[in-house]
**Student:** 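Submitted below is the structure of interest, expressed as structure tokens.
We use all heavy atoms of the structure for the numbers below, so side chains are in, but hydrogens, waters and symmetry mates are not. FYI, the numbering just counts along the sequence from 1.
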Amino acid sequence: MNKWMQRAIELALRNIEQGGQPFGAVLVKNEEIIGEGVNELHLHPDSTGHAELLAVRRAQEKLQSIDLTGTVMYASGAPCPMCFGAMAMAGVDKAYFANSLEEAISIGLSRSSEVYADLLKLENERSFRMIHMPVMDNEKNPMQVWYKCKDE
């Protein structure tokens, strides 16, 4: 195990001591930690307060950029779909994790597996429904307005 994963695990263990869940994450660029976090669900009523997401936010703030190309995430547990998406959208190169999704399920942390399973279903079969309501007036369509403004 490398020093970055050791740090992620240390963060997770410290978080457990403070009443939190067993998740810690470290984001590294050029052999330097640029962001780290733990699940803060026990501290704030914020379902996005996951270790990886907080590490991404802190790194972006530090770098003053949303582009995290060239970074690597080390996480104590397999990232949930939300964290996976955030890392992918930010351009994180790859992520290593210590505990698997199966291990999380075995101790009662199953929400991630439920969301991953739902994403594999056809859109009309998912338990979480997203319904398209198109904007018919291009003058009031935010994407069309943005597209017109960006070249001005």
Side-chain angles (χ1 to χ4, degrees), residues 1-134 142-143 146-147 149-150:
M1 179 180 320
N2 72 20
K3 64 183 178 180
W4 310 121
M5 184 60 78
Q6 286 176 347
R7 175 67 179 155
I9 290 170
E10 288 170 12
L11 290 170
L13 291 172
R14 188 176 316 139
N15 200 43
I16 294 166
E17 291 171 1
Q18 296 172 354
Q21 294 179 326
F23 299 107
V26 175
L27 190 59
V28 176
K29 183 172 186 168
N30 298 327
E31 295 299 307
E32 176 191 347
I33 294 175
I34 60 168
E36 56 184 28
V38 297
N39 273 37
E40 295 184 356
L41 306 179
H42 62 298
L43 300 175
H44 311 286
D46 177 4
S47 59
T48 68
H50 287 201
E52 299 91 340
L53 205 64
L54 293 171
V56 164
R57 286 180 188 156
R58 290 169 182 150
Q60 290 174 329
E61 181 68 26
K62 179 178 182 170
L63 300 177
Q64 289 295 290
S65 174
I66 61 171
D67 183 6
L68 296 178
T69 302
T71 64
V72 177
M73 181 72 75
Y74 295 87
S76 64
C80 75
M82 175 180 64
C83 293
F84 176 95
M87 290 185 290
M89 294 295 290
V92 173
D93 289 358
K94 60 185 161 189
Y96 294 95
F97 59 92
N99 293 115
S100 69
L101 184 57
E102 292 74 22
E103 289 172 293
I105 293 168
S106 75
I107 62 167
L109 296 168
S110 62
R111 180 63 61 105
S112 291
S113 66
E114 294 164 7
V115 175
Y116 274 124
D118 210 30
L119 285 170
L120 292 173
K121 296 176 184 174
L122 295 174
E123 191 173 325
N124 64 344
E125 295 173 351
R126 293 181 184 151
S127 59
F128 179 75
R129 300 294 309 271
M130 295 196 316
I131 301 148
H132 183 210
M133 294 179 70
M143 288 194 179
W146 176 83
Y147 181 74
C149 290
K150 75 177 184 77

**Student:** With a 4.5 Å cut-off on side-chain heavy atoms, are Arg14 and Val38 touching?
**Tutor:**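 When only atoms from C-beta onward are counted, Arg14 and Val38 do not touch, as no gap falls below 4.5 Å.
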**Student:** So with a 6.0 Å cut-off around CZ of Arg111, is the heavy-atom count from everything else above 12?
**Tutor:**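 Not buried by this count: 12 neighbours or fewer within 6.0 Å.
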**Student:** Can you check whether Thr71 reaches Val56 side chain to side chain, under 4.5 Å on heavy atoms?
**Tutor:**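 Of all side-chain heavy-atom pairs linking Val56 with Thr71, none is under 4.5 Å.
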**Student:** Any side-chain to backbone donor/acceptor pair from Asn39 onto Leu41? Under 3.5 Å, distance only.
**Tutor:**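 Pair absent, no side-chain N/O of Asn39 close to backbone of Leu41.
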**Student:** Are side-chain heavy atoms of Tyr74 and Asn2 found at a separation under 4.5 Å?
**Tutor:**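 Yes, side chains in contact.
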**Student:** What heavy-atom pair brings Arg7 and Ile33 nearest, and what distance separates the two atoms?
**Tutor:**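 Closest heavy-atom pair between Arg7 and Ile33: CG-CD1, 4.2 Å.
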**Student:** What pairs of donor and acceptor atoms, side-chain ones from residues 23-32 against any protein atom, are under 3.5 angstrom apart with sequence neighbours left out?
**Tutor:**
unit_1, atom_1, unit_2, atom_2, d
Lys29, NZ, Thr69, O, 3.4
Glu32, OE2, Lys62, NZ, 3.0

**Student:** If you count every heavy atom of other residues, nucleotides or ligands that lies below 6.0 Å from Glu125 atom CD, does the total exceed 12?
**Tutor:**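 Yes, because the 6.0 Å sphere around CD of Glu125 holds more than 12 heavy atoms from other groups.
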**Student:** Assess whether atom OH of Tyr116 is packed by more than 12 heavy atoms of other residues, nucleotides or ligands within 6.0 Å.
**Tutor:**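 More than 12 heavy atoms, drawn from other residues, nucleotides or ligands, come within 6.0 Å of this atom.
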**Student:** Within this structure, what is the CD1-CD distance for the pair Ile34 and Gln60, rounded to the nearest 0.5 Å?
**Tutor:**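 Reported value, rounded in 0.5 Å steps: 9.0 Å.
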**Student:** Hey, what do you get for CD (Glu36) to CE (Met73), rounding to the nearest 0.5 Å?
**Tutor:**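 If I round to the nearest 0.5 Å, the distance is 11.0 Å.
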**Student:** Of all the heavy-atom pairs spanning Gly37 and Leu54, show the shortest one and how long it is.
**Tutor:**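 Heavy atoms only, the tightest pair is CA-CB, 4.4 Å.
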**Student:** Strictly by modelled atom types, are Ser100 and Glu103 linked by a side-chain donor-acceptor pair under 3.5 Å?
**Tutor:**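 Yes, Glu103 and Ser100 have a side-chain donor paired with an acceptor closer than 3.5 Å.
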**Student:** Side chains of Leu13 and Ile9, heavy atoms from C-beta outward: is any pair under 4.5 Å?
**Tutor:**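 Counting from C-beta outward, Leu13 and Ile9 do come under 4.5 Å.
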**Student:** Check whether any side-chain heavy atom of Met143 lies under 4.5 Å from a side-chain heavy atom of Tyr147, and answer yes or no.
**Tutor:**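 No, their side chains stay 4.5 Å or more apart.
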**Student:** Under 6.0 Å from the CD1 atom of Ile66, do we count more than 12 heavy atoms belonging to anything else shown?
**Tutor:**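 No.
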**Student:** With a 4.5 Å heavy-atom cut-off, do Glu40 and Asp46 have their side chains touching?
**Tutor:**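 SC-SC contact between Glu40 and Asp46 ruled out.
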**Student:** Could you tell me the separation between the CG atom of Asn99 and the CD1 atom of Ile107, rounded to the nearest 0.5 Å?
**Tutor:**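 Asn99 atom CG to Ile107 atom CD1 measures 7.5 Å (nearest 0.5 Å).
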**Student:** Distance check, rounded to the nearest 0.5 Å: Met1 atom CE versus Lys3 atom NZ?
**Tutor:**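 So the gap between those two atoms works out to 15.0 Å.
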**Student:** Between the side chain of Ser76 and the main-chain N/O of Pro22, is any donor-acceptor distance below 3.5 Å?
**Tutor:**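 Yes, the answer is positive, given that a donor and an acceptor are paired below the 3.5 Å cut-off.
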**Student:** When you measure from the side chain of Asp118 to the backbone N and O of Ser127, does any donor-acceptor pair fall under 3.5 Å?
**Tutor:**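 Checked: pair present.
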**Student:** Are any non-hydrogen side-chain atoms of Cys80 and Val115 less than 4.5 angstrom apart?
**Tutor:**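 No. Closest side-chain heavy atoms not under 4.5 Å.
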